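Read the structure below first, then the notes.
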Amino acid sequence: MRNLKKVVALVAVFAMLVSSVAFGQTFSDVADDANYYEAIEMLNGLNILTGDDQDGDGVMDFRPEDTITRAEVAAVISRIQGINSAAQTDTVFTDVTASHWASGYVAQAAGQGIVNGYGDGNFGPEDNVLYEQVVKMLMVTLGYEPFAVDNGGYPSGYLTAASRYGVTEGLIGANVGVEATRGQVAQLVYKAVDTALMDRYTYGSEAEYVIYDGVNRSYMSLLTRDLGVKKGSGIVTANALSTANAAL
């Protein structure tokens, strides 16, 4: 356990200096030495992935080992693009009507070509999401679909893109065909939002991939483009100010 010193993710919001330092765990079931700790803390701070008091005992839980549904991931996909709410609406899927809580998110993702359903008119909103399905949704959101299609399509091309550009770096226990856990999804999303976006331009029969990685193009990620934040790391040491904040 880390005590008075803790390496944390610092989030600086543009046009506003906000620092939030927590010296205790946000969730009772996420130890601060867990491999998904930093991902869950940052995404919770951005209201992208949150926990709940499922047991009614007044203690917030994240349930990192639980599965997560396709509808829930569709909502996450919208949130990482700065869309924190989506009005319920009809969708192109027969099993996601306007009355479904996530219909707006699913419609948004479908309209962007991020989700396509099962090909039979159904989306399967309550189905647990598979690892490779999460990877595909994220890589399409980041603009890497042309690269993935050119490198094997689904799922291999998307997994190749995710591996090459660091989205799956450090992920433990994920395999094709296996349902993803909430902790794994948090890690994937955490990496994805800080991954350089990609565009593909065509010139006649030639194609060029452009990555906004700060080398040939100005750096741009979902964090900078849609969420308006910068992510950095640092060491926070106990002092009068941090001790006062921790007591709040």
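Just so it is clear, the model here is predicted, and its values are computed rather than measured.
- Counting only heavy atoms from C-beta outward, the side chains of D52 and R63 approach each other to under 4.5 Å.
- A107 pairs by the side chain to side chain contact (heavy atoms under 4.5 Å, CB included) definition with T89, T91, not counting sequence neighbours.
- Side-chain contact between T181 and T67 is absent, with no heavy atoms from C-beta onward closer than 4.5 Å.
- Nearest heavy-atom pair across V193 and M42 is CG2-CE, 4.0 Å.
- When the side chain to side chain donor-acceptor pair (under 3.5 Å) test is applied to Y36, the partners found at least two apart in sequence or on another chain are E65.
- Side-chain contact of Q81 with Q112: a donor-acceptor pair under 3.5 Å is present, judged by distance alone.
- If you take CD1 on I77 and CD1 on I83, they are separated by 10.5 Å, rounding to the nearest 0.5 Å.
- Here A86 pairs with Y105 under the side chain to side chain contact (heavy atoms under 4.5 Å, CB included) rule; sequence neighbours left out.
- Of the residues N84, V189, I80, L223, the one that meets the side-chain contact (heavy atoms from CB on, under 4.5 Å) test with L46 is L223.
- Atoms CG and CD, from L171 and Q184 in turn, are 5.5 Å apart once rounded to the nearest 0.5 Å.
- Here the side chain of D226 pairs no donor or acceptor atom with the backbone of L222 at under 3.5 angstrom.
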Would you tabulate the side-chain donor-acceptor contacts of residues 132-143 under 3.5 Å, counting partners in other chains and residues two or more places apart, or write 'none'?
| residue | atom | partner | partner atom | Å |
| --- | --- | --- | --- | --- |
| E132 | OE1 | G177 | N | 2.9 |
| E132 | OE2 | G177 | N | 3.1 |
| Q133 | OE1 | R70 | NH1 | 3.4 |
| Q133 | OE1 | L130 | N | 2.9 |
| T141 | OG1 | M137 | O | 2.6 |

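- We find the OG1-CG distance between T26 and D32 to be 10.0 Å, quoted to the nearest 0.5 Å.
- For N44, the side chain to side chain donor-acceptor pair (under 3.5 Å) criterion is met by no residue, not counting sequence neighbours.
- In plain terms, the two heavy atoms of S103 and A98 that are nearest each other are OG-O, 3.4 Å.
- Here the closest heavy-atom approach between residue I40 and residue A186 is recorded as CG1-CB, 3.7 Å.
- The side-chain hydrogen bond (donor to acceptor under 3.5 Å, both in side chains) contacts involving residues 210-222 comprise D194-Y219, D199-Y212, Y201-Y212, where partners must be two or more places apart or lie in separate chains.
- Counting non-hydrogen atoms of other residues, nucleotides and ligands closer than 6.0 Å to CD of E208 gives a total above 12.
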Please report the C-alpha distance between H100 and E126 in whole Å, then the side-chain angles of each, then the deciding distance to 0.1 Å, and finally whether the side chain to side chain contact (heavy atoms under 4.5 Å, CB included) criterion is met.
CA-CA 11 Å; H100 192 283; E126 311 310 324; 2.6 Å; yes
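- V92 and W101 are not part of a single hydrophobic cluster, where members link through side-chain heavy atoms under 4.5 Å apart.
- With hydrogens and angles left out, the side-chain atoms of Y131 and E179 include no donor and acceptor closer than 3.5 Å.
- With sequence neighbours left out, the ring-ring contact (aromatic ring centres under 6.0 Å, His included) criterion links F62 to F27.
- Put simply, Y209 and Y203 are part of the same group of oily side chains (I, L, V, M, F, W, Y) that touch within less than 4.5 Å, one to the next.
- Residue pairs meeting the salt bridge (Lys or Arg N to Asp or Glu O under 4.0 Å) criterion with at least one partner in residues 72-101, sequence neighbours excluded, are absent.
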Tell me which donor-acceptor pairs under 3.5 Å the side chains of residues 154-170 have, and how far apart each pair is, sequence neighbours excluded?
| residue | atom | partner | partner atom | Å |
| --- | --- | --- | --- | --- |
| S156 | OG | G152 | O | 3.4 |
| Y158 | OH | E145 | OE2 | 2.9 |
| T160 | OG1 | S156 | O | 2.8 |

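- Residues that satisfy the salt bridge (Lys or Arg N to Asp or Glu O under 4.0 Å) test with D61, not counting sequence neighbours, are absent from this structure.
- Scored by the salt bridge (Lys or Arg N to Asp or Glu O under 4.0 Å) test, R200 finds D150 as partners (sequence neighbours excluded).
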Can I48 and L227 be said to form a side chain to side chain contact (heavy atoms under 4.5 Å, CB included), step by step?
CA-CA 10 Å; I48 291 170; L227 299 174; 3.9 Å; yes
Please list, one pair per line, the donor and acceptor atoms closer than 3.5 Å that link side chains of residues 116-124 to other protein atoms, with sequence neighbours excluded.
| residue | atom | partner | partner atom | Å |
| --- | --- | --- | --- | --- |
| Y118 | OH | D127 | OD2 | 2.7 |
| D120 | OD1 | N122 | N | 3.0 |
| N122 | OD1 | T94 | OG1 | 2.7 |

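- Between M220 atom CE and M198 atom CE the span is 12.0 Å, to the nearest 0.5 Å.
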